[in-house]
Amino acid sequence: MKKLLITFLTGALFAFGLALSGMAQPSVVLAFLDITGNWNPALLLVMAGAIGVTLPAYRLLFRSGKPLLAERFDLPAATRISGRLITGSALFGIGWGLSGYCPGAALVALPGALETGVFIAAMLAGLWISRLLDSVFPAAAD
């Protein structure tokens, strides 16, 4: 129960940060990405603040040897850059650049607009297609 409560509180804090920073508003994100047009650099402060908090927190957390609420860290084992990683990253970036939403921001903005629901449906369809392709072509998943 304690783990579930802390998960909820950290998720709520993350959602609050996304909403407060403007990252749940596609117009703000798209204005940040439009470096050749009407560029809005405000999200640079958000990124700098996130890095400023996360970097020392990660150093402290990993120095402790294990997470606060788990027996061990659950980190990705893959260390090489694969075609699959590049393709997925490119698709994520293209989707973010076209819509102005990343998955977390879309969930925060879900109650606000119909297009957010369309984005989330498309995101879930992409996830389903990805898993389907992994099951059809398992060698390509490694």
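Because only heavy atoms are used, hydrogens play no part in the values below, and waters and symmetry mates are left out as well, while side chains stay in.
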Between Leu124 and Leu133, is there a shared hydrophobic cluster once you connect ILVMFWY residues whose side-chain heavy atoms come closer than 4.5 Å?
-> no

Would you check if Ile120 and Tyr101 make a side-chain contact, meaning some heavy-atom pair closer than 4.5 Å?
-> no

Any link between Ile129 and Phe137 through a network of hydrophobic side chains (Ile, Leu, Val, Met, Phe, Trp, Tyr) touching at under 4.5 Å?
-> yes

Heavy atoms only: give me the nearest Ala109-Ala24 pair and the separation to one decimal.
-> CB-O, 3.4 Å

Point-to-point distance, once rounded to the nearest 0.5 Å, from CG of Leu9 to CG of Leu4 | 9.5 Å

Do Leu75 and Leu61 share a hydrophobic cluster (ILVMFWY, side-chain heavy atoms under 4.5 Å, transitive)?
-> yes

Please check if atom CG in Leu60 has more than 12 non-hydrogen atoms from other residues, nucleotides or ligands closer than 6.0 Å.
-> yes

Indicate yes or no for a side-chain donor-acceptor contact from Lys3 to the backbone of Thr7 under 3.5 Å, with no hydrogens or angles considered.
-> no

Is there a side-chain contact between Phe119 and Met123 (heavy atoms, below 4.5 Å)?
-> yes

Provide the closest heavy-atom pair for Val108 versus Ala19 in the form atom of the first, atom of the second, distance.
-> CG1-CB, 4.1 Å

If you look at every heavy atom in Met23 and Trp96, which pair is closest and at what distance?
-> CE-CZ2, 4.0 Å

Can you check whether Gly126's main-chain N or O pairs, donor with acceptor, with Ser130's side chain at less than 3.5 Å?
-> no

Just by modelled atom types, is the Arg84 backbone N or O under 3.5 Å from a matching donor or acceptor in the Thr87 side chain?
-> no

Which of parallel (below 30°), tilted (30 to 60°) and perpendicular (above 60°) describes Phe62 and Tyr58?
-> perpendicular

From OG1 (Thr54) to CZ (Arg59), nearest 0.5 Å | 13.5 Å

Does CZ in Phe16 sit with more than 12 non-hydrogen atoms of other residues, nucleotides or ligands closer than 6.0 Å?
-> no

With a cut-off of 3.5 Å and sequence neighbours excluded, list every side-chain donor-acceptor pair involving residues 33-53.
residue	atom	partner	partner atom	Å
Asp34	OD1	Gly37	N	3.1
Trp39	NE1	Phe32	O	2.7
Asn40	OD1	Ala42	N	3.0

same_hphob_cluster(Leu91, Leu30) at 4.5 Å side-chain heavy-atom cutoff = no

